[in-house]
Amino acid sequence: MSSFRIGYGYDVHRLTEGRKLILGGVEIPHTKGLLGHSDADVLIHAIIDALLGALALGDIGALFPDNDNKYKDIDSRILLREAYRLVHEKGYRLANLDSTICAQEPRLAPHIISMRETLAQDLQTEPELISVKATTEEGLGISGSREGITASAVVLLEKI
Ligand code: MG
C-alpha cells in the first residue's frame with residue numbers, strides 16, 4: 001500500500017427548530033440546529049467519511065448505523081475518535097485535513113478557531129494541521145435557502 005492515502009467526505013443535514021447547532025464539536029448559538037439521529041454534526045460526519053474513505057473502510061452509515069439506538073443523540077466527537085482509532089489500527093495517521101462548511105447563517109468565523117482546536121484534540125494533532133473554512137452559497141441551494149447546512153472534507157493520511 002502507498003505511504004499516502006487521500007480521502008473525501010461530504011454530508012448534509014436539515015436545519016430545524018428545537019435542536020442545538022453543533023459544528024466541528026462546538027456548540028454555536030443559533031435559533032435552529034441540525035436534525036439527525038446523532039447530534040447531527042455535519043462537519044464531523046464529513047471528516048469521518050473522509051477518514052474512512054482514505055482507507056476504503058466504507059462509510060459512516062455502515063460503521064455507525066442510524067437505526068442503532070446506541071447512536072441516538074450521540075456526541076459525534078465520540079464517533080470521530082472511533083473512526084480515527086480504526087485509521088491508527090490500519091497503520092496510518094493524519095497528515096492534514098481541509099474542510100468547508102456551507103451555511104447561510106449564522107456567521108461561523110468567530111467559531112473557526114475553537115472548531116480547529118476541538119478537532120485537533122480528537123485527531124491527536126495540532127490545529128495547524130486542521131483547516132476549517134466557512135462560506136455561504138450566495139442564497140442558492142440547500143444552504144442558501146437555509147433548509148440545511150452542508151460540509152465537505154479532504155484528508156491526507158500517511159503511513160506510520
Ligand atoms: Mg450525517
Side-chain angles (χ1 to χ4, degrees), residues 5-90 94 96-108 111-112 114-125 130-137 140-157:
R5 305 277 296 210
I6 190 168
Y8 168 74
Y10 174 75
D11 197 25
V12 183
H13 280 265
R14 181 180 289 279
L15 275 167
T16 183
E17 275 163 21
R19 294 266 302 181
K20 286 180 183 170
L21 178 60
I22 301 179
L23 292 172
V26 175
E27 189 178 332
I28 292 164
H30 191 44
T31 51
K32 291 179 173 180
L34 294 173
L35 190 62
H37 185 68
S38 65
D39 66 2
D41 189 325
V42 69
L43 175 58
I44 287 188
H45 293 184
I47 293 170
I48 290 173
D49 263 356
L51 290 169
L52 297 176
L55 296 174
L57 296 175
D59 62 33
I60 187 170
L63 202 58
F64 311 112
D66 66 5
N67 55 11
D68 188 334
N69 253 339
K70 193 161 67 174
Y71 302 120
K72 178 101 181 81
D73 295 323
I74 196 170
D75 180 346
S76 292
R77 292 183 66 187
I78 294 168
L79 308 182
L80 177 62
R81 291 194 288 262
E82 172 60 16
Y84 195 55
R85 192 189 63 75
L86 289 177
V87 166
H88 254 212
E89 207 175 81
K90 294 285 175 185
L94 183 69
N96 75 304
L97 178 162
D98 188 18
S99 63
T100 301
I101 306 166
C102 292
Q104 193 65 34
E105 56 185 21
R107 231 175 83 72
L108 298 176
H111 307 286
I112 295 289
S114 337
M115 289 187 219
R116 291 175 58 206
E117 285 169 352
T118 302
L119 294 168
Q121 269 177 30
D122 291 340
L123 296 169
Q124 300 163 36
T125 187
I130 307 289
S131 161
V132 176
K133 308 184 300 299
T135 187
T136 72
E137 291 182 296
L140 298 168
I142 296 168
S143 78
S145 64
R146 298 171 172 82
E147 278 181 279
I149 292 180
T150 73
S152 55
V154 287
V155 299
L156 185 69
L157 304 183

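For reference, positions follow the sequence shown, starting with 1. When a ligand or atom number is given, it counts from 1 through the structure's own listing order.
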Residues in side chain to side chain donor-acceptor pair (under 3.5 Å) contact with Ser131, at least two apart in sequence or another chain: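 Counting only residues at least two positions away or on another chain, Ser131 forms a side chain to side chain donor-acceptor pair (under 3.5 Å) with Asp98.
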
Sub-4.5 Å side-chain heavy-atom contact between Leu119 and Leu80: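 Yes, side chains in contact.
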
Glu27 and Ser114, any side-chain heavy atoms less than 4.5 Å apart: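 No, every pair of side-chain atoms sits at 4.5 Å or beyond.
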
Residues which pass salt bridge (Lys or Arg N to Asp or Glu O under 4.0 Å) with Glu89, listed by chain and number, not counting sequence neighbours: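 Applying salt bridge (Lys or Arg N to Asp or Glu O under 4.0 Å) to Glu89 gives Arg85.
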
2.8 Å shell around the Mg ion (ligand 1), exclusive bound, protein N/O/S atoms: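 Step by step: take the Mg ion (ligand 1), keep protein N, O, S below 2.8 Å, and you get 3.
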
Qualifying residues under ring-ring contact (aromatic ring centres under 6.0 Å, His included), relative to His88, sequence neighbours excluded: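 Scan of His88 (ring-ring contact (aromatic ring centres under 6.0 Å, His included), adjacent residues dropped) gives Tyr84.
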
Heavy-atom neighbours of Arg19 CZ exceed 12 at 6.0 Å: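 Yes, because the 6.0 Å sphere around CZ of Arg19 holds more than 12 heavy atoms from other groups.
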
